[in-house]
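Presented below is the structure to which this report refers.
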Amino acid sequence: MTSTPTTPPRPFDVTTVFPRLAPLARTATRLHPRPGAPSPQDSSIGGPLLWPAAEPWPHCDGPHVVDGMNPALSPTDVRRERRIRAASRGRTLTPQERETLERIRPAQEHPVTLAIAPYEGSIAMLPVAQLYARDVPDLHTPEGADLLQVLWCPFDHPIMPKTALFWRSAATITDILATPPEPPAMQFDDYLPEPCLLNPEQVTEYPDHLELSKELQEQIGNWSVWQAAETGVDSAYASYPQEFYDNELAGAPGWKVGGWPRWGATDPHPRLCPTCGSDMDALLTIATFEARGDSSWLPHEEPAHEPLIGFNHTAVQIGSGYDQQLYVCPTALEHAHTELMH
């Protein structure tokens with residue numbers, strides 16, 4: 001028997017201890033991507049897009065820098081390598097498999113000489129996410145649209161891939177592009193998402209403690225308040241209970257739509273629309289991890305399959321293990337979006 005991934009209940013209702021958090025609650029939709037064979041009619045990560053055949057496929061003009069240390073492989077070779085690694089788990093590689101892997105990644109001679117150089121020409125972008133509003137409760141679309149498509153350039157610009165957003169009405173697309181172009185090379189293998197179907201689940205979130213008022217920050221940082229409420233939180237957090245709040249009670253980790261951003265790589269700062277100056281809302285979190293192994297956010301599911309590649313089922317890694325957060329203007333979704341590494 002299989003079950004869909006489900007977020008366990010929070011350790012306790014944080015608003016009973018800190019009632020002023022209640023009006024700050026937001027819903028987010030955790031996507032819980034799992035390996036599958038999505039079609040253009042499915043919401044997916046790394047799957048085929050419902051892309052109009054008559055519309056040019058988006059390309060990125062660069063710059064595209066190859067560092068000489070990491071081989072800039074094609075999507076075809078990365079997929080081939082992943083298939084071999086998955087098929088050979090628990091057994092020895094066949095001579096043919098070993099030969100193929102050695103062709104894809106020839107042995108480097110040491111010491112390695114870095115050969116930093118730009119990759120010339122524009123390159124096709126890769127599908128990252130396709131989200132139908134019918135599947136994702138927290139996906140707020142422009143009037144007349146019910147579909148969001150996210151693509152990116154598989155090179156850092158300058159510290160993470162550059163994304164492009166497309167809002168569509170699915171019913172207007174009858175002739176679908178069957179074979180979209182692909183880039184001849186990618187800066188990192190982690191920028192090729194594995195095709196995954198989604199298991200959307202809506203959860204409630206609260207802001208990171210650094211986005212709260214000074215008074216609320218002081219309350220959450222006061223261990224005696226947690227003790228008086230008999231929360232059951234381990235005393236290891238006594239010197240800094242904000243850590244437990246941020247990790248286990250505030251924002252959910254992993255791929256999600258909407259909600260509150262989780263901060264780590266940087267401290268919170270204003271996210272203002274570059275077009276009109278309005279405060280921007282979190283749209284999509286592209287995550288390296290679904291959750292830490294000891295996190296209360298780790299979803300329940302049967303059977304509990306481990307990812308075959310990387311830190312999650314999508315095989316995506318942002319930087320050294322961060323999230324890439326996309327923001328949009330709530331007053332006009334057609335305004336330019338922004339992105340931050342968290």
Side-chain angles (χ1 to χ4, degrees), residues 4-33 136-138 199-269 271 279 281-301 304 311-312 318 321-325 327 340-342:
T4 57
T6 304
T7 301
R10 296 302 78 224
F12 62 90
D13 181 357
V14 70
T15 61
T16 62
V17 183
F18 306 104
R20 293 190 179 185
L21 284 172
L24 302 176
R26 289 181 184 174
T27 57
T29 302
R30 301 187 75 187
L31 299 180
H32 299 310
V136 185
D138 290 290
N199 299 274
E201 178 195 24
Q202 200 167 38
V203 297
T204 300
E205 299 186 333
Y206 302 93
D208 183 284
H209 83 278
L210 291 175
E211 295 204 78
L212 300 174
S213 67
K214 183 178 179 180
E215 183 179 356
L216 252 179
Q217 287 188 40
E218 291 175 350
Q219 290 179 13
I220 289 175
N222 186 344
W223 179 243
S224 65
V225 175
W226 297 71
Q227 288 180 300
E230 299 181 347
T231 59
V233 175
D234 194 297
S235 60
Y237 291 98
S239 62
Y240 198 68
Q242 299 95 321
E243 180 181 357
F244 184 88
Y245 167 79
D246 287 340
N247 290 340
E248 308 299 342
L249 302 172
W255 290 71
K256 65 182 180 180
V257 170
W260 285 97
R262 289 165 60 94
W263 297 90
T266 60
D267 285 343
H269 59 275
R271 285 85 70 195
D279 288 330
D281 288 343
L283 172 66
L284 174 67
T285 301
I286 301 169
T288 299
F289 301 95
E290 178 153 37
R292 299 193 323 266
D294 61 349
S295 171
S296 66
W297 291 103
L298 195 67
H300 293 316
E301 59 184 310
F311 302 108
N312 65 58
I318 303 299
Y322 299 111
D323 294 345
Q324 184 166 339
Q325 181 81 60
Y327 293 92
L340 293 172
M341 183 182 288
H342 286 227

Run the side chain to side chain contact (heavy atoms under 4.5 Å, CB included) test on W255 and E290 for me, step by step, so that the C-alpha distance in whole Å, both residues' side-chain angles and the decisive distance to 0.1 Å come before the verdict.
CA-CA 7 Å; W255 290 71; E290 178 153 37; over 6 Å; no
Counting C-beta onward and ignoring hydrogens, is there a side-chain heavy-atom pair between [X] and [Y] closer than 4.5 Å?
X    : Y    : result
V233 : Q227 : no
Y245 : Y240 : no
S295 : F289 : no

Please give me the minimum heavy-atom distance between [X] and [Y], naming the atom from each residue.
X    : Y    : value
Q219 : W226 : O-NE1, 4.3 Å
P8   : P299 : CD-CA, 4.1 Å
P241 : I220 : CG-O, 3.3 Å
Q325 : L283 : NE2-N, 4.2 Å
L298 : G293 : CD2-O, 3.8 Å
E201 : H32  : OE1-NE2, 2.8 Å

Working to the nearest 0.5 Å, report the span between [atom1] of [X] and [atom2] of [Y].
X    : Y    : atom1 : atom2 : result
Q242 : N222 : CD    : CG    : 9.5 Å
W297 : L249 : CH2   : CG    : 7.5 Å
T231 : F12  : OG1   : CZ    : 4.5 Å
T288 : I318 : OG1   : CD1   : 5.5 Å
D281 : R271 : CG    : CZ    : 9.0 Å
E211 : D267 : CD    : CG    : 10.0 Å

Please name all residues satisfying salt bridge (charged side-chain N to carboxylate O under 4.0 Å, His left out) with [X], sequence neighbours left out, ordered by chain then number.
X    : value
E243 : none
E215 : R20
E205 : K256

Output, in order, the C-alpha distance, side-chain angles, deciding distance and verdict of side chain to side chain contact (heavy atoms under 4.5 Å, CB included) for L216 and H209.
CA-CA 8 Å; L216 252 179; H209 83 278; over 6 Å; no
Yes or no on side chain to side chain contact (heavy atoms under 4.5 Å, CB included) for D246 and L210, after CA distance, side-chain angles and deciding distance?
CA-CA 9 Å; D246 287 340; L210 291 175; 5.8 Å; no
Listed by chain and number, what are the side-chain contact (heavy atoms from CB on, under 4.5 Å) partners of T15, not counting sequence neighbours?
D13, L21, A22, Y206
Kindly determine whether W263 and H342 satisfy side chain to side chain contact (heavy atoms under 4.5 Å, CB included), including the steps that lead there.
CA-CA 5 Å; W263 297 90; H342 286 227; 3.4 Å; yes
In short, salt bridge (charged side-chain N to carboxylate O under 4.0 Å, His left out) pairs touching residues 220-231 with sequence neighbours left out are none
Under the ring pair (Phe, Tyr, Trp, His ring centres under 6.0 Å) test, which residues partner Y237, sequence neighbours left out?
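With sequence neighbours excluded, Y237 shows a ring pair (Phe, Tyr, Trp, His ring centres under 6.0 Å) to F244, given in chain and number order.
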Do T285 and D323 get their side chains close enough for a donor-acceptor pair, meaning under 3.5 Å?
no
